[in-house]
Peer 1: 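Have a look at this one.
Sequence lines set the chain letters: A, B, ... in the order given, protein chains first and strands last, and positions in each chain run from 1. We use all heavy atoms of the structure for the numbers below, so side chains are in, but hydrogens, waters and symmetry mates are not. Worth saying up front: this structure is predicted, and the values here are computed from it rather than measured.
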Amino acid sequence: MSIHIPILIIILPLLAAFLVLLTRKYKIVLAAVSIITSIVFTLTLSSRVLSNDKITYHLGGWRGPLGVSLVIDGLGFFFSLIALGLGLLVIIYSIPEKRYSRTYYFLLLVSLSSMIGVIYTADIFNMYVFYELLSLAVYLLIAYPKTGVTLRASFSYLIMGGVGLSFFLLGVGFLYAMTGTLDIFHIAERLPAAFNSSMQMVIMSFVLIATGMGIKIAVFPLHGWLPDAHSMAPSPVSALLSGVTVKIGIYCLIRVVYTAFSAEMFFLINSHNILMVLGVVSLLFGASMALAQKDLKRLLAYSTINQLGVVLIGLGIGTEMGLTGALFHVLNHAIMKSTLFFCAGIMITETGTREVKGLSGFGRQQPAITFAFIVASLGMIGIPPVNGFASKWLICLAAVEAGYTILVVIILVASAISAAYYFRVIQVLFSNPPEQNHIPAHEEGQVIHKGNLFRVLPIYILAAGCLLLGIVPALGISLAKPAVSLLLSYVVP
Amino acid sequence: MYKKSVRLVLTFFVLMSFWLVLSQNLQPASLLIGALFSLLAALLSFDFFIKPDEGMHSKAIRTIWLLLIYVFILIYEMFLASIDVVYRVITMDINPEVVMIKTDIKSDLGIVLLANSITLTPGTITIDIEGDHLYVHWLYARTTHFGHAAELIKGRFEYWLGRIFI
Amino acid sequence: MFKEMKKVFFIIIILAMAILFILSADIEYGNPKNLDAANYYIEQGLYDTGAINLVASIYLGYRAYDTLIETIVLFVAVAGVVFCLRGKR
Amino acid sequence: MGSSKIIRTIAQKLFPFIMLFGFYLISNGHLSPGGGFQGGVVLGTAIILLALSHGIEQTEKIFKSRWLNMLEKLGILTLIFLGFLGIFFGYSFLGNFLPLGRPGQITSGGLMLPFNIAIGIKVAAGVSAIFYALIKYRGEI
Amino acid sequence: MIAYLFIFLGLVFIFFGTLGIIRFPDIYTRLQTSSKCDAAGAIALLVGLIVREGLDSLSLKILIILVFLLLTNPVASHAIARSAAIRGIKPWRKKKKC
Amino acid sequence: MTAVTIIITVLGITASLALYRVIFGPTPWDRLIAVNLISSKVVMIMVAAAVLFERRIYLDVALVYAIIGFVSIIAISKFLEGEDTDRK
Amino acid sequence: MNPVNISLLVFMIGLYGVMSKNNLIKKIMGLTIMNGSIVLFFISIGYRKGGLAPILEKGTTGGIPTTIFVDPLPQALMLTAIVIGISVTALALALIVKIYSKYKTLDIQQLSKER
Amino acid sequence: MNSTLPLLTVIMPLFLSLTVVSFVRGRFNQAQKLRLILVIIFIVAIAMACLLGLMLFEILKGNTIYGVFLPQVALVGLRLYVDGLSIIIAIVSFLLWLAVSIYSISCIKTDLIRYYSLLLIILGSVQGVVFAKDLINFYVFLEMTAVATYFLIIHKRNIDAFQAGYKYILMTLIGAFLILLSIILVYVDTGSYEAIMVTKYGGFIAPVLFLLGCFIKAGAVPLHIWLPDAHPAAPSPVSAFLSGMMIKIGAYGIIRFILPMLNFDLPATNLGELLNVLIMSIGVASMLIGVLLALAQIDVKRLLAYHSISQMGYILLGIGLGTKLGLAGGLYHMVNHAMFKGLLFLCMGAVTYSTGTRKLDNLGGLWKKMPITTSTCIIAALAISGIPPFNGFASKTVLFEAVVNYSFVLKFVMMVTAALTLTSFLKLISYTFFGEPKRPLITVKEVPLLMQLPMIVLAILCVLLGINAQFVLDRFIVFAITGLVQPRSIPKIEFWTQDTALDAFFIITLGFVAYIAASKLGLIGREKKEFEMGSFMAKLSKYLSMDRIYCNIAILIDKLCKKLDSVHPRDLNVHISWVLLTLITLFVILFLQ
């Protein structure tokens, strides 16, 4: 049984998703239990993965380029832990909301398992299929409240995402035309030969895949869907989107860029600089747009673009420290941004408004939530005892070591701007409520759950995680280390 | 008219023969699967595939014989009509009208076949059916008179169809 | 305003078409390279999976996992359509 | 409701044949250019034809939308279950544990026939469910 | 030989049917050509192919297709004509001389 | 081989002639007629190819195509009737 | 000028549709065109000169030269891609129907003006 | 000597604050909370006194103490190091903290838990800053103090507090980021986080950046704008601690990390020269501008805030001189300033507490009602102006001695500044405590005992430090800078000589003359309330305060972002065209290579 663990991690939540549709009472229990089982299965692999072992599973027994196989290495393990852990918290967070029917949990489970599918698969076409599944589930999750704005946001995401995945698929087509195989590791073996014969096709496939994944990551010129989708979606979904879904795009980019287009090619077509430039642009853009927002969740959405810029800069630097920093920042951003969105969800239901100005007096009502919000936003800015600092620090160090001091200046400027907008929110939280004793509005029949344990628990856990990772960053770094060593072995032959 | 079981069995056999034509495979497994699927399809559709009140005038063999004759007449007429249409396409000599005709056939299937035949033959298409009245578009209307037009359009079809269906 | 935008879009798309056309001009057609996997499928597919339709042998044999996921994609889409259009108008 | 008598009658007569053809495509997927998805679409087309000609209420008497939804879930659960059977019989997930027959026979594909049937039923139910949903939202045919 | 004759006939019918679609003035007249010439052309062509092939399993299937085409073609024409009529498209009339 | 070429070419030419109606048809029904015509041409091309290349697999494809074409024509014409037909 | 190039051009035409049309349904049509062009692309990169459809019929099973068949893998992939395209289209249409019932318009410019 | 003592000093307050937050919240009523807080303050006082005393004892023996915690787990681990300098500042900060927190018990009425936990955090992190062995620990604790202080500043939750806090946190974070950049540059250049490494850096960018960061922290003049807003907006005890301790961290940073680059009686290097001049000129500028602006204020706490800037100027000037004597003077003045400025803020807090106003116009004649406040305030005012028996005199004397060797003009400037300080305090005291009592102030009472106690203690300390100046200088200050510059040969300072008396006399005379002249001329702006628009002093204070430049920059950035937001298209089509443009650009870039 133990050799089948990789597929079980993917399939069990998927199976549970369909079982959720069949039951009415046990939907939450099923969802949570299946995700917990997956986490446990993943953790059983940890000792092997963390010792730089590669776990391979051939589906249907067809190995190599013939069939689809699953590969779990450090990188996949890292990302899958993020996805599963946050997924569990999202499920817990959505428990008190009575509006969320079976379909919601079904979509949640499908999206989570498809994330794991994207992460574990070694077959690039299978990656596309899983990504498409993930995207469909996410479109639906965004549209879940079925109000006008959510439908519109979901639709624009669908259009952009459809274009992006079409680009990806076209890029896969070029790769297949060049190498005659779809397995990423085989592509990596055969691509150098193809590169010598037809450089144009290699570059074309690279550009297509990078652009397609860029849309999913929402780097600056390709970000059109993100502000609407992230801000309009229901809060747990926003947390999932911003925390994990975007990271899957990063994972795909890393996988394809570092593994398939390995070593020489990567340097030859100079894609480092492209990643770096994109990162810088989206960093500054996200920061300055967020400064101008009045809507809390929209602010957080633009902040996502800002932080992704940091990650891309780290990836573009490409040294060991830079990669460690980037991956660690992925983890940190996932934790912090989900905390912020969870808190924002509670704030919006409590105060009945999405405007930043309307949040006044919340700090007195629910100090614990406010505390979590403050901790996470301090992490976003990059203030020491919280985790965001450690990863930004690593990235800055790597940038200076690689000779890009200007990048550090840019990152710090963006951090200052993000301090400006986060502290604007924080000071509103602490300010006294307006004079009239307003009754919290029930937004579309939402029920207010003041201090509900299921709502608050994930926030506490995540905030504690922020502090823990900030005080003891070695925990996160040791998790990212195998992934980095894996990537480096491709980068430096 | 017909009992349910009869209709079911009849449908099943028709479908099974269709399956044989399709699969062209006489292995037992294939037959078994075909029988299963035919049964399934028959169960789902026998109720309207053969209507309870859908009867024929006479014996089955004679009906088939008449049907064949009818088909050949139809094809002959169709070729004539097509040549006519080709002629009119070249010359653009047309005079379209919409006329209404009445038919004596009562059976649904009969009316439908009549309408289809009309559609396929000289310069006419059925636009609508209401009861036993057919609205027909006529490419080269020689007359707009009710009875006369009916004679010209229905031609021999109504006779043959009237012999087949009630 | 929007008419001008359309012109800009048109120019952009023509540009992209031109670039793609130039870049893909020397892609060989009808003579794929690296056919080892394909030839394996053609030679061994029947013996491996027992399907004389080689596409089916890949679709349901070698890459049945893809098919499973694809079915789930369809299911999610159907569920989504039903979900979106459920309830009062 | 419904359509003219011509369309209705022809649809009635064609329906079982189209359906059987769909089943044929499903079950001969590994022998001919059919397959679960294609056959399923043809099956769904048959149901759509019926719904177009007879109106949605008449069709729902035969193909109830609850059953269709159940069938859809059942199809996927069957697929996953068959995959698990592969593990159970000592192969990998989705491994072919049935014996391969002689090439050209309907049983030659081993697991392919059940796969095809499951996919076909699922797709048929899915296509018709989409159609139902869209039609019902718009109102009556 | 006779097969090719049939095929040739079918092609001629089909060609003129398509020509009619382009030349005729309104929907109903176009439907006239499309329904008749297409059906006749299909019959001729497929019969020609059946004759060329001889009577075997292949031609049985072609026969099925033929029957299907024959059954559905007028129905499709009828459906189109009916929907046009319901939406109130008036047939084109020749201008009377007097 | 020549027979194949001739048949398929003629059918293709007629299909592309019908494309004229698809593009410039003044009303939707004109386009529908042309689409119907094209689909039946495609079916015929497939049958011809099946017979002349000796590959029976195309027949199944042709039948599927015919079925889907028929149903889609019915559906579209039904759609073009518009919503208010039922209240008549 | 070969199918590979043409498919890329068609892809761009689809993208133009997505980009410049204001009607939501036309945008979805653009996506469908893109999907179709990708199918064409994949099939044409798997094609080899004089190859047949990869279905072994009676009598062709033993000892055949592999070169008479085209690469079956892209075709199998495209089956999947087509289904996915259909799913996306169906979902998008459902969303459009819902959007239309909320806003009574399908024009994206007017939609973006509405709050 | 390896020891866990410094670790305990840093960790214990942080841990206790966590305890306070997690166990007290929502479970007790106000009185119980107060009792609990008293207990905790007591515990902290006793424990910290013991710990600091032990360390002081050890250090007086000539040892240094270092402690390492979590060396592998954290980024570099918590590495602490205590020497003379650290322990002196730690003790001062602890004393001030104790005074402030005792004072707060009566003063602060709302949000007790948050307030005290933040105070504890500040104590711990200030200890951490001064004990930090390497750059990264220094940075971490610096940021902790900044954020914790922000929440204390906005404690009153009114609009002023929020604006001031916003300004404060932005400026401080920018300063911290400058320091961070410099640390990164240093690390990459030298491969180590050790404290000394800033000076080993090859170029001049890193030290200058570090210096700028410290200047922002210290509120030196061109970068001071957060300070006059933040100090008045904060609750009085907090502003006492802010002014007394927090801004000293900047000076501490300079002493600890930049000092070895300055030319200490060594052959001058270019960089050392440059830094010397930089620090000194900034010091002089802060001194003069701070005191000039202070003269023009009518808000008591704002006035004190500008004096903080001015006194920081003294300290920076002393450090920037680059002599041992100057360093000793600067350090000594740091200690003294903590005492008397803390005391001043506490006094003014008491005044505000009793009367509820901060405007000079609404005050007057309080000396009968509040004798203790008046007397302590007078002591502090005399101390800050450098009048003989008090501690300000002592440190200023050292500074005068140091400056004289450099340039006589500077000494004169310093004396003028001291005189002007006296002037402004004359204004403050006369208008606050003397003169006619205003009508609403009839019912004013003396503040509670718990508020008087810290004031009295601090006043006594002021006096003691002034009287025993010789002892303090020789025993502690010189000892503190031993580790830094080997000051075995520090010149002997005579405190009670004719020269010093003359200096003091000059200051007093000039101060009184200036006060009389200015109040006749209406230059210190009390009679006419605010200065009229366009008058000379109004213009002067407007231009000197430099608020405008920063505001304009902020408004510019804000407008740019708003503009970006309004320009940013919401149209999906445009975004898709961007996608395509990106594709084209990437193609072009990659193929042109």
Peer 1: Take D/Asn96 and C/Thr49, measure what side-chain contact (heavy atoms from CB on, under 4.5 Å) needs, and give me the verdict at the end.
Peer 2: CA-CA 8 Å; D/Asn96 192 348; C/Thr49 61; 5.6 Å; no
Peer 1: Spell out, as yes or no, whether a donor-acceptor pair under 3.5 Å connects the side chain of C/Asn53 to the backbone of D/Gly29.
Peer 2: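 Yes; judged by distance alone, with no hydrogens or angles, the pair exists.
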Peer 1: Does anything in residues 55-75 of chain C form a salt bridge (Lys or Arg N to Asp or Glu O under 4.0 Å)? List the pairs, not counting sequence neighbours.
Peer 2: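 As it turns out, the salt bridge (Lys or Arg N to Asp or Glu O under 4.0 Å) pairs with a partner in residues 55-75 of chain C, which skip direct neighbours, are A/Asp123-C/Arg63, C/Arg63-C/Asp66.
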Peer 1: Below 4.5 Å from any heavy atom of chain C, which atoms of D/Ser65 appear? Answer side chain, backbone, both or neither.
Peer 2: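 No part of D/Ser65 comes within 4.5 Å of chain C.
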Peer 1: Using heavy atoms and a sub-4.5 Å threshold, report which of residues 114-127 of chain D line up against chain C, by residue number.
Peer 2: D/Phe115, D/Asn116, D/Ile119, D/Lys122, D/Val123, D/Gly126
Peer 1: Quick check on D/Leu94 against chain C: is it the side chain, the backbone, both or neither that has a heavy atom closer than 4.5 Å?
Peer 2: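 Answer is side chain: those atoms of D/Leu94 sit under 4.5 Å from chain C.
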Peer 1: Could you tell me the separation between the CD1 atom of D/Ile76 and the OG1 atom of C/Thr71, rounded to the nearest 0.5 Å?
Peer 2: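 Going from the CD1 atom of D/Ile76 to the OG1 atom of C/Thr71 covers 6.0 Å.
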Peer 1: For C/Phe10, is the CZ atom crowded, meaning more than 12 foreign heavy atoms sit under 6.0 Å from it?
Peer 2: no
Peer 1: Please check if atom OH in D/Tyr91 has more than 12 non-hydrogen atoms from other residues, nucleotides or ligands closer than 6.0 Å.
Peer 2: no
Peer 1: Which bit of D/Tyr132 is near chain C, if near means a heavy-atom gap under 4.5 Å: side chain, backbone, both or neither?
Peer 2: neither
Peer 1: Atom CG of C/Leu74 and atom CD of D/Glu72: how far apart are they, to the nearest 0.5 Å?
Peer 2: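 Reported to 0.5 Å precision, the distance equals 7.0 Å.
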Peer 1: Considering all heavy atoms of both residues, which atom of C/Val82 and which atom of D/Ala129 are nearest to each other, and what is their separation?
Peer 2: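 Distance-wise, the nearest heavy atoms are CG2-O, 4.3 Å.
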Peer 1: Can you name the closest pair of heavy atoms from D/Ala133 and C/Val81 and give their distance?
Peer 2: CB-CG1, 3.9 Å
Peer 1: If I compare all heavy atoms of C/Gly61 with all of D/Met112, which pair ends up nearest, and what's the gap?
Peer 2: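 For C/Gly61 versus D/Met112, the nearest heavy atoms are N-CE, 4.0 Å.
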